[in-house]
Amino acid sequence: MTTDLRKRKKDTELNNAAAHQETVDKKKVEKEKASFCLRFLRGTLVLLLLVVLVVGVRLYRDNELVRRQEAALRALGMEGLLLFSSLDADKDLYISPEEFRPIAEKFTGITPAFDYEEEDNLDPNGETLSISARFQPLLMETMTKSKDGFLGITNSALSGLRNWTTPVVPNTVFFARQFKAFLPPKNKVGVGDPWWIIPSELNIFTGYLPNNRIYPPPPKGKEVLIHKLLSIFHPRPFIKTRFAPQGAVACIRAVSDFYYDIVFRIHAEFQLNEPPNFPFWFSPGQFTGHIVISKDASHVRYFKMFVPNNRTLNVDMEWLYGASESSNMEVDIGYMPQMELESLGPSIPSVIYDENGDVIDSRNPDGEPLEFVFEEINWESEISWEHAAKKLEVTMYPFKKVSYFPFTEAFDRAFAEKKLVHSVLLWGALDDQSC
């Protein structure tokens, strides 16, 4: 009897203890839930406050920018605002000394010397290369707008195009070592292996560069040589195009013991108008060419760069009818017969030494320039120009890894390879392509 009572008492105590522990656990869980909800609520409120703060700051900045733009328009007028905007590269409505540089150069006629890395350590006694420019202006009758007599297009809009009839400098002398920008990086010395001379900075996130610009930014690095070459044609070349594909690519077409034959492709454009006229963009389809250069860049055997003219159209043109990025724009295409640079001969020493190391006259007793005899180059490995050009095209346009054929040939090719045909209409019925 006594044992049963003790057992019942013990069971009761255990049950009470369990019930008490369960109550404590429930309270603890409820407390933790309440604490979690409180922390979550605090975090949400902080996040909302941050979002509101960021949106508020953004709206304030946008409103402030609009207010300043309106004030600038009232103070300067439309034409003055265009000039100001063309100089304001970072669009902060303030002109820094670097941004003011084009105006200073225009009024003073003095172009300051820039410490470009590409021109460091150039030997003043090194070999020089003479380059000649050949230029035939765009044929106005090839523009689609010419069919209605350029109806509705102001003279000022096309003034830069109509006045561009000759290159800026017909003949230019370079140091051979300036062309080291074309040399391959150490990991790209194989024939047909492409590399970027000037890499593209555009992608799906960056979009495209602004249209309402007049003066190009100062070139840097390997851009310097390309800028100097294009400046032979026009004073305002833009090395970085507004739209992709952007940049410059190259590959080795042939290699010998001492020389490379390098094929290159450059996408660049020109700004033909100046204020008070609105921007006019002139964008050749491409610049291509090749250079035969020694592996140490001390000697250039041959150089040529040109806009291909083997198609009926080879230039895209766009011009604005206002100072802002959202202004109305006209677009047209046309044909330019000739735009090319070519070396007049191999690079030659600017100072000539005899076998004793003494400087000798560069002219013979009759007053004629000394003639240099160059050894014939024997290529150890090479590919065709067409093969190299295709490599560069695919680098610029990766989608061209797929072969495209005229519509009438695609089905025969598909039948032979037992593949399907995917047809793409690029520009009207005549340019229908299939792959």
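Along the sequence shown, residues carry numbers from 1.
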Of Tyr260, Phe303, Tyr302, the one forming a ring-ring contact (aromatic ring centres under 6.0 Å, His included) with Phe179 is Phe303
Taking atom CG of Asn155 as the centre, report whether more than 12 heavy atoms of other residues, nucleotides or ligands fall under 6.0 Å from it.
-> no
Just wondering, are more than 12 heavy atoms of other shown residues or ligands nearer than 6.0 Å to OH in Tyr60?
-> no
Under 3.5 Å, is there a donor-acceptor pair linking the side chains of Ser256 and Asn378?
-> no
Among side-chain atoms of Ser347 and His299, is any donor-acceptor pair under 3.5 angstrom?
-> yes
Would you check if the distance from the ring center of Trp281 to the ring center of Phe238 is below 6.0 Å?
-> yes
Classify the angle between the aromatic ring planes of Trp164 and Phe282 as parallel (below 30°), tilted (30 to 60°) or perpendicular (above 60°).
-> perpendicular
Are Lys220 and Glu223 within salt-bridge range, i.e. N to O under 4.0 Å?
-> no
Using a strict cut-off of less than 4.0 Å between a Lys/Arg side-chain nitrogen and an Asp/Glu carboxylate oxygen, indicate whether Lys147 and Glu141 qualify as a salt bridge.
-> no
Measure across Asn273 and Ser156 and return the closest heavy-atom pair with its distance rounded to 0.1 Å.
-> ND2-O, 3.6 Å
Check against side-chain hydrogen bond (donor to acceptor under 3.5 Å, both in side chains), Tyr215 and Arg236 = CA-CA 6 Å; Tyr215 301 104; Arg236 290 184 297 281; over 6 Å; no
In terms of ring plane angle, is the pair Phe270 and Phe287 parallel, tilted or perpendicular, where the classes change at 30° and 60°?
-> perpendicular
Could you check whether the rings of Tyr397 and His267 sit parallel, tilted or perpendicular, using 30° and 60° as the cut-offs?
-> tilted
Test ring-ring contact (aromatic ring centres under 6.0 Å, His included) applied to Phe264 and Trp195, Phe306, Phe182, Trp385, the passing residue | Phe182
Close side-chain approach of Asn314 and Asn309, heavy atoms under 4.5 Å | yes
Any luck finding a side-chain donor-acceptor pair between Asn277 and Ser159 under 3.5 Å?
-> yes
Cationic N near anionic O, under 4.0 Å, Lys390 to Glu386 | no
